Amino acid sequence: MKAFVLNELYKYPELQSTTFPTLGDDEVYIKINASSINHRDLWIVKGMYPGIILNTILGSDACGVSGENTFVINPGLFWGDNPHCQSSAFQVLGMPSPGTFAEHIAINQKYLYACPAHLTEIEAAAIPLAGITAYRALFKRALVKKEDKVLISGIGGGVALFAMQFAIAAGCEVIVTSSSDYKIAEAIDLGAHAGYLYTNPDWYKELIHDFGGVDVIIDGACGQGFNNLVKTCNPGARISFYGGSAGKIDGLNPQTIFWKQITIAGSTMGSDQDFAEMIDFISEHQIKPVIDSIFPFDQITEGFKRMESSLQFGKIVFQH
Ligand SMILES: NC(=O)c1ccc[n+]([C@@H]2O[C@H](COP(=O)([O-])OP(=O)(O)OC[C@H]3O[C@@H](n4cnc5c(N)ncnc54)[C@H](OP(=O)(O)O)[C@@H]3O)[C@@H](O)[C@H]2O)c1
């Protein structure tokens, strides 16, 4: 079968013939009809991810068929029994195990979920990794509730957009940040109340002036900008972060955090239970993932370039 394989670091995966996967215990074959890229795939290409193994098929997200049925794959493998954190055996599909940028995959049936009826295969393939990360960060770690004011940073990101859609569906008032006026306008079209350019050093003052402060923050960047997020917190606020795209946080003021009783919670993907709940939530609220662009399977490297440009608003999906 054909698949995109990471042969060298700093070089996009290459389309080549690979051996057809063999079935392990409880595994079935899925013919992949759509997949999507996450920043993880790009970090791996750039050598900025732990445990990189060359000659691996990349890709964590997919929607595909087995027999008559269409499935979405949960890419969080071996989470284990503890709902609070993953086991030491936890892996993300697409390194070390062969990923979804392929024609077929062999996968344990327990990671298969019926494709929500209101979604196309393209839309469903956009969900898994970003969707589960947003769901857990928002509902399980930041304990968001109806009518909370929720700030979501870097709204152009895949996870950020799911967090925004989920928070709006949960009845929250959502405020976003971005480096782009265009992306803020798009977010407002989708139901956000307001947006601020995080490239303006005084953006947080404007937010405080306009809204007073926020109850929940979902962040994937960290870095120096994290300090400005903390300044927008109402007393008792919860910050959940799932990424560190902008690097380490220097100069965090402990007094602000303990005096305002702020909770800062790290979050990574989600348990099997979280994934099942997320799929149900998407069906219940008829949520449609925001798709930035669709490339044919043989042009997966164009999707890597698009993500590297940071121009995307929503998920970059591949039609197989
Ligand atoms: N822990 C986990 O389970 C988990 C899961 C998924 C992702 N992640 C991590 O989370 C991060 C985002 O992943 P993704 O797949 O959503 O990536 P993505 O779709 O490529 O989104 C990246 C977005 O980050 C925003 N951004 C960049 N620098 C920023 C800054 N200084 N302040 C605020 N926002 C900034 C940009 O938003 P604008 O374009 O709006 O400026 C950009 O569009 C990555 O580091 C990824 O590795 C972790």
Side-chain angles (χ1 to χ4, degrees), residues 1-18 32-64 72-73 75-76 91-105 121-134 154-162 178-180 182-183 186 220-221 242-247 269 289-320:
M1 69 167 185
K2 297 268 192 238
F4 277 85
V5 176
L6 181 77
N7 292 317
E8 279 177 58
L9 286 184
Y10 318 114
K11 196 171 166 194
Y12 294 137
E14 293 167 306
L15 183 59
Q16 62 190 59
S17 293
T18 60
I32 298 175
N33 288 336
S35 64
S36 82
I37 183 171
N38 292 285
H39 219 101
R40 174 181 194 267
D41 301 300
L42 195 55
W43 291 136
I44 290 172
V45 167
K46 291 179 173 177
M48 295 168 73
Y49 202 85
I52 292 174
I53 300 168
L54 293 180
N55 307 314
T56 304
I57 301 171
L58 295 189
S60 304
D61 289 344
C63 180
V72 182
I73 301 175
Q91 291 178 10
V92 182
L93 186 63
M95 186 161 307
S97 63
T100 59
F101 296 162
E103 291 175 322
H104 299 266
I105 195 166
E121 288 176 320
I122 289 284
E123 289 164 338
I127 295 172
L129 198 153
I132 185 59
T133 304
I155 200 59
V159 180
L161 265 170
F162 276 110
S178 181
S179 57
S180 149
Y182 159 74
K183 293 182 186 183
E186 291 287 308
Y242 56 87
S245 301
M269 292 181 66
V290 180
I291 307 293
D292 170 79
S293 42
I294 304 167
F295 293 96
F297 175 61
D298 61 359
Q299 289 176 30
I300 275 182
T301 52
E302 295 304 311
F304 277 80
K305 289 180 197 162
R306 175 97 183 139
M307 176 158 272
E308 207 161 12
S309 76
S310 273
L311 289 174
Q312 81 277 11
F313 181 78
K315 293 289 295 181
I316 299 160
V317 184
F318 308 115
Q319 176 126 46
H320 290 217

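Worth saying up front: this structure is predicted, and the values here are computed from it rather than measured.
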Minimum heavy-atom distance between G59 and D41, given as atom pair plus value: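 For G59 versus D41, the nearest heavy atoms are N-OD1, 3.3 Å.
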Give, for atom [atom1] of [X] and atom [atom2] of [Y], the distance between the pair rounded to the nearest 0.5 Å.
X    : Y    : atom1 : atom2 : result
K183 : F313 : NZ    : CZ    : 8.0 Å
E121 : S35  : CD    : OG    : 11.5 Å
H104 : I32  : NE2   : CD1   : 8.5 Å
T301 : K11  : OG1   : NZ    : 11.5 Å
N7   : Q16  : CG    : CD    : 4.5 Å
K2   : S17  : NZ    : OG    : 3.5 Å

Residue of the set I300, I294, I291, I37 for which side-chain contact (heavy atoms from CB on, under 4.5 Å) holds with I316: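 In the set I300, I294, I291, I37, the residue that makes a side-chain contact (heavy atoms from CB on, under 4.5 Å) with I316 is I37.
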Evaluation steps, side-chain contact (heavy atoms from CB on, under 4.5 Å), between L6 and I52: CA-CA 10 Å; L6 181 77; I52 292 174; 4.1 Å; yes
Should the heavy atoms of other residues, nucleotides or ligands under 6.0 Å from CD of Q319 be counted, would the total exceed 12?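 No, the 6.0 Å shell around CD holds no more than 12 heavy atoms from other groups.
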Salt bridge (charged side-chain N to carboxylate O under 4.0 Å, His left out) involving E103 - partner list, sequence neighbours excluded: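 Result, salt bridge (charged side-chain N to carboxylate O under 4.0 Å, His left out) vs E103: none returned.
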Any side-chain donor paired with an acceptor under 3.5 Å for Y12 and E308?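 Yes.
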ring-ring contact (aromatic ring centres under 6.0 Å, His included) with F318: which of F304, F101, F297?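 Only match with F318 under ring-ring contact (aromatic ring centres under 6.0 Å, His included): F101.
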Taking the side chain as every heavy atom from C-beta outward, state whether P75 and M269 have any pair of such atoms under 4.5 Å apart.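 In contact.
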Which residue pairs pass the side chain to side chain donor-acceptor pair (under 3.5 Å) test with at least one member in residues 49-63, sequence neighbours excluded?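 Sorted pair list: S36-D61, N38-D61, R40-Y49.
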